[in-house]
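All chains are named by letter (A, B, ...) in the order of the sequence lines, taking the proteins before the strands, and each is independently numbered beginning at 1.
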Amino acid sequence: MRLIIETDPRGLVLSGELDAHTAPLLVEALNSLAGIANIRIDFAGVEFMDSSGLNVLVEAHQHAVDSDRVLTIEQPSRAVHRLLEISGLLDHLRIDQKD
Amino acid sequence: VNNVDVDVDEHVVEARFTVTSNASELASLRRSVASFLDSAGADETVIPDFQLAVSELATNVIQHSALRDVSVLIRRSAVGWSLEIEGVDDLELHAVTEPTLPPIEARSGRGLVIVRSVMDSVDIVEENGSRFIRCVKRIE
């Protein structure tokens, strides 16, 4: 499975795998949301992510902060949550994890 | 993915996976490694950690080395599960010996720290004139 990106009025819904090959697709999709103040990215369907995906999220988060916007990572899968934890980014990025 | 499975002896099984040095090969490389690990008896904690480590290290080779191929050796022995890969760049090799997370806002530099986090040991090994990274996840 590759990375599938769907757009909805609240942001992006991702599924598949986020790595060095697919990360540029997320960059492109985020650039298309330049006018949205509160960007939400649903990560529930992301089965795999490595640091290439983290790097995109860190950059997007910083862009959002710099432009007084909010980027929220919604429902990260177990694999994504673990990677965020290992990388020390759980407290840096805005994450919405419903129980 | 080209791969060769070898039963070295009754305690050691290994497989070498080789792909063209292109990021488009990462997903199939991860899948091939996972399939081998599963068939060799790895449990559900080992497989995702190896997929993550393979992805990080192979990405490093693809982005920073001049090698045309990425070659990964996975081995099961009495000690545990190991991964070997050549071509990781000198800067990253330094990070192997002194792994620290970059500043929180950094947009790169997390790969080998992540690998260290999911493996029991990560070492630079020089054997027979070649240098590679060997990661080991011990069998409990």
Side-chain angles (χ1 to χ4, degrees), chain A residues 1-5 14-28 30-31 43 45-67 69-71 73 76-95, chain B residues 1 19-35 37 44-65 70 83 85 88-89 92 95 99-119 122:
Chain A
M1 178 189 279
R2 308 305 305 180
L3 181 67
I4 298 171
I5 304 177
L14 309 186
S15 58
E17 302 177 14
L18 190 46
D19 60 17
H21 182 55
T22 56
L25 300 174
L26 178 56
V27 173
E28 191 176 321
L30 285 165
N31 288 339
F43 268 78
V46 177
E47 299 167 359
F48 176 86
M49 182 169 83
D50 64 17
S51 64
S52 299
L54 286 180
N55 295 340
V56 174
L57 292 180
V58 168
E59 183 160 4
H61 171 79
Q62 198 57 50
H63 268 296
V65 169
D66 292 345
S67 53
R69 297 187 298 155
V70 176
L71 183 142
I73 298 166
S77 62
R78 187 194 301 182
V80 171
H81 191 276
R82 182 167 183 242
L83 189 66
L84 292 167
E85 186 174 31
I86 289 170
S87 308
L89 293 170
L90 276 179
D91 295 330
H92 179 65
L93 304 175
R94 183 179 175 126
I95 297 165
Chain B
V1 179
V19 296
T20 304
S21 181
N22 190 306
S24 63
E25 300 288 339
L26 287 168
S28 56
L29 177 61
R30 289 193 300 269
R31 259 188 286 286
S32 297
V33 167
S35 177
L37 288 166
E44 291 180 359
T45 63
V46 170
I47 295 173
D49 286 349
F50 268 72
Q51 285 190 293
L52 184 55
V54 164
S55 199
E56 295 292 353
L57 295 170
T59 297
N60 188 292
V61 174
I62 290 165
Q63 293 180 338
H64 300 293
S65 90
V70 180
L83 178 169
I85 185 168
V88 178
D89 68 288
E92 290 292 302
T100 52
L101 278 170
I104 205 80
E105 69 278 5
R107 294 165 190 182
S108 63
R110 296 181 176 84
L112 268 173
V113 182
I114 290 169
V115 173
R116 270 217 172 264
S117 297
V118 298
M119 293 287 157
V122 181

*asked:* Restricting to side chain to side chain contact (heavy atoms under 4.5 Å, CB included), what partner residues turn up for B/V19, sequence neighbours left out?
replied: B/V1, B/E25, B/L29, B/V70

*Do A/L54 and B/I114 touch side chain to side chain, with heavy atoms closer than 4.5 Å?*
yes

*Can you tell if the side chain of B/Q51 reaches within under 4.5 Å of the side chain of A/E17, non-hydrogen atoms only?*
no

*Identify the heavy atoms of B/R110 and A/S51 that sit nearest to each other, and give their distance.*
CB-CB, 4.3 Å

_Closest heavy-atom pair and its distance - A/D50, B/T59_ = OD2-OG1, 4.1 Å

_Assess the residue pair B/D49 and A/R82 against the criterion (side chain to side chain contact (heavy atoms under 4.5 Å, CB included)); give the C-alpha distance rounded to whole Å, side-chain angles, the decisive distance to 0.1 Å, and a yes or no._
CA-CA 11 Å; B/D49 286 349; A/R82 182 167 183 242; 2.4 Å; yes

*Name all pairs fulfilling the salt bridge (charged side-chain N to carboxylate O under 4.0 Å, His left out) condition that reach into residues 50-60 of chain B, sequence neighbours left out, sorted by first residue then second.*
none

*asked:* Give me each pair satisfying salt bridge (charged side-chain N to carboxylate O under 4.0 Å, His left out) with a member in residues 54-63 of chain A, each pair once, sequence neighbours excluded.
replied: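 Every salt bridge (charged side-chain N to carboxylate O under 4.0 Å, His left out) pair that includes a residue of residues 54-63 of chain A, provided the two are not neighbours, is A/E59-B/R107.
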
*asked:* Tell me which of these, B/V118, B/L52, B/N22, has more heavy-atom pairs under 4.5 Å with chain A than the rest.
replied: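 Of B/V118, B/L52, B/N22, B/L52 has the most heavy-atom pairs under 4.5 Å with chain A.
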
*Sort out for me which of B/S117, B/S55, B/P48 touches chain A most, counting heavy-atom pairs under 4.5 Å.*
B/S55

*Under 6.0 Å from the CG atom of A/D91, do we count more than 12 heavy atoms belonging to anything else shown?*
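It does not: A/D91 CG has 12 such atoms or fewer within range.
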
*Should the heavy atoms of other residues, nucleotides or ligands under 6.0 Å from CZ of A/R69 be counted, would the total exceed 12?*
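Buried by this count: over 12 neighbours within 6.0 Å.
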
*Residue part contacting chain B, namely of A/L93, when any heavy atom lies under 4.5 Å*: neither

*Neighbours of chain B found in residues 18-26 of chain A - heavy atoms under 4.5 Å*: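 Contacts with chain B: A/D19, A/A20, A/H21.
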
*Start with the C-alpha gap between A/E47 and B/R30, add the side-chain angles, then the distance that decides, and say whether salt bridge (Lys or Arg N to Asp or Glu O under 4.0 Å) holds.*
CA-CA 12 Å; A/E47 299 167 359; B/R30 289 193 300 269; over 6 Å; no

